[in-house]
Amino acid sequence: MLTDVVPFLRCPVCGAGLTLEPRALRCAAGHAFDIARQGYAGLLTGNVRTGTADTAAMVAARAEFLDGGHYAPLAGLIAERAAERAPADGCVLDAGAGTGHYLRAVLDRLPERPGLALDLSKHALRRAARAHPRIGALTWDVWRPLPVRTGTVGVLLDVFAPRNAAEFHRVLRPDGVLIVVTPAARHLEELIGPLDLLTVDPRKAERVADTLGGRFRPAGTWPLELSMRLTRSEVAALVAMGPSAWHADPEAVRKRVEALDEPIAVTAAFEVRVFDVAPKS
């Protein structure tokens with residue numbers, strides 16, 4: 001699963017290229033990084049802050065909800081934009097890939113392209129490594145310099161994940177494309193009050209533009225709203241997989257969900273933004 005992505009990687013310690021061994025990735029200077037039996041490689045070194053990584057429970061909830069097809073139109077829209085804008089060469093990088101759900105959709109539309117899944121959660125990467133035969137999964141904190149060679153990425157996905165604009169700009173080809181997905185104002189609006197969930201930042205679009213300004217040029221925005229009718233179990237998984245899971249008491253959420261009448265009408269609202277790479281200075 002890592003063979004196809006090795007040419008796009010660089011050693012996170014010294015920046016040299018990496019080679020694939022039976023149970024490790026290694027550079028010419030001797031820096032070695034173990035490959036877990038589940039198929040992902042652990043590249044993180046030094047002080048690793050895993051406290052923000054998705055837990056096993058959050059990952060299981062995400063897999064349950066996404067595998068139910070509720071966000072399939074979003075995956076399809078991302079894949080469509082990627083297929084339209086992908087340059088002739090370069091890998092597909094998902095920064096904050098989670099279970100690999102959206103990266104898999106993109107790779108299905110881009111035959112023979114290798115895909116790099118970066119995430120801080122080993123629980124998520126265990127699933128991402130199996131999500132598609134062309135995915136290479138790596139533990140990484142996207143706020144650090146990426147373990148990816150300069151100018152080798154054709155499509156970079158950032159789906160509900162942190163945005164490291166400087167590194168995204170460095171690793172993308174000049175003709176590459178950045179696809180950023182964020183929740184929109186009405187996202188889960190029917191659940192926010194009854195379940196005491198986090199609200200969407202009203203300045204989200206402005207903050208994205210500020211983060212990427214100077215390095216990327218806007219090339220289009222595609223809003224998407226989904227009207228879902230969910231069971232209590234599906235709502236519980238939806239809450240448990242997102243950022244509110246870090247702040248809510250699970251038992252309190254369970255009781256509030258049990259008080260809802262089925263089927264439960266829920267709006268999912270997103271904005272898919274496409275950016276071109278500004279000329280590198």
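Count residues from 1 along the sequence.
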* Between CG on residue L74 and CZ on residue F160, distance to nearest 0.5 Å -> 5.5 Å
* Just by distance, do the side chain of H187 and the backbone of A269 share a donor-acceptor pair under 3.5 Å? -> yes
* For atom CD of E258, decide whether the heavy atoms of other residues, nucleotides or ligands shown that lie under 6.0 angstrom number more than 12. => yes
* Is it true that a side-chain atom of S244 and a backbone atom of L197 form a donor plus acceptor pair closer than 3.5 Å? -> no
* Structure fact -> One should read off an interatomic distance between D94 CG and L157 CG, to the nearest 0.5 angstrom, of 4.5 Å
* To do: Given salt bridge (charged side-chain N to carboxylate O under 4.0 Å, His left out), test E80 with R109 step by step and report yes or no.
  => CA-CA 8 Å; E80 183 179 351; R109 291 290 301 271; 5.6 Å; no
* **Pairs involving residues 125-140, ordered by first then second residue, that meet side chain to side chain donor-acceptor pair (under 3.5 Å) (sequence neighbours left out)** => D108-H132
* **L107 vs R104 side-chain heavy atoms within contact, under 4.5 Å** => no
* Quick one: does L120's side chain get under 4.5 Å of L44's, heavy atoms only? -> yes
* How far apart are the closest heavy atoms of P7 and D4, and which atoms are they? -> CD-O, 3.5 Å
* Working for salt bridge (charged side-chain N to carboxylate O under 4.0 Å, His left out), residues R207 and D201 -> CA-CA 9 Å; R207 288 176 54 230; D201 181 356; 3.0 Å; yes
* Find the distance between OG (S233) and CD (E262) and round it off to the nearest 0.5 Å. => 8.5 Å
* State, yes or no, whether a side-chain contact exists between T45 and V13 at a heavy-atom distance under 4.5 Å. => yes
* Asked: Between the side chains of E190 and T267, is a donor N or O closer than 3.5 angstrom to an acceptor N or O?
  -> yes
* Asked: L18 and L125: same hydrophobic cluster, using ILVMFWY side-chain contacts below 4.5 Å?
  -> no
* Listed by chain and number, what are the side-chain contact (heavy atoms from CB on, under 4.5 Å) partners of L226, not counting sequence neighbours? -> Y71, P73, L224, M228, A268, F270
* Asked: Out of curiosity, L260 CG to L191 CG, how far, rounded to the nearest 0.5 Å?
  -> 7.0 Å
* To do: Tell me, with the steps shown, if R37 and R23 meet side-chain contact (heavy atoms from CB on, under 4.5 Å).
  => CA-CA 8 Å; R37 59 183 177 83; R23 293 305 301 263; 3.9 Å; yes
* Within one Ile-Leu-Val-Met-Phe-Trp-Tyr cluster: L43 and L118, side-chain cutoff 4.5 Å -> yes
* Rounded to the nearest 0.5 Å, how far apart are CG of D119 and OH of Y40? -> 11.0 Å
* Within 45° of the axis and under 6.0 Å from the centre of the six-membered ring of W222, does NZ or CZ of R81 qualify? -> yes
* Asked: Are side-chain heavy atoms of I179 and F275 found at a separation under 4.5 Å?
  -> no
* Structure fact -> To the nearest 0.5 Å, atom SG of C27 lies from atom CZ of R10 at 12.5 Å
* Contacts of type side-chain contact (heavy atoms from CB on, under 4.5 Å), residue E234, not counting sequence neighbours -> H70, L230, T231
* **Sidechain-backbone polar pair: E167 side chain, L146 backbone, donor-acceptor under 3.5 Å** => yes
* Would you indicate whether the side-chain heavy atoms of L20 and L25 approach each other to under 4.5 Å? => yes
* Asked: Is there a donor-acceptor pair closer than 3.5 Å between any side-chain N or O of R26 and the backbone N or O of A32?
  -> no
* To do: Spell out, as yes or no, whether a donor-acceptor pair under 3.5 Å connects the side chain of D54 to the backbone of S121.
  => no
* Quick one: do E271 and R273 satisfy salt bridge (charged side-chain N to carboxylate O under 4.0 Å, His left out)? Show the steps, please. => CA-CA 6 Å; E271 289 187 338; R273 295 181 176 87; 2.2 Å; yes
* Which is it for T150 and R170 under the side-chain hydrogen bond (donor to acceptor under 3.5 Å, both in side chains) test, yes or no, and what are the steps along the way? -> CA-CA 6 Å; T150 299; R170 179 185 66 80; 2.9 Å; yes
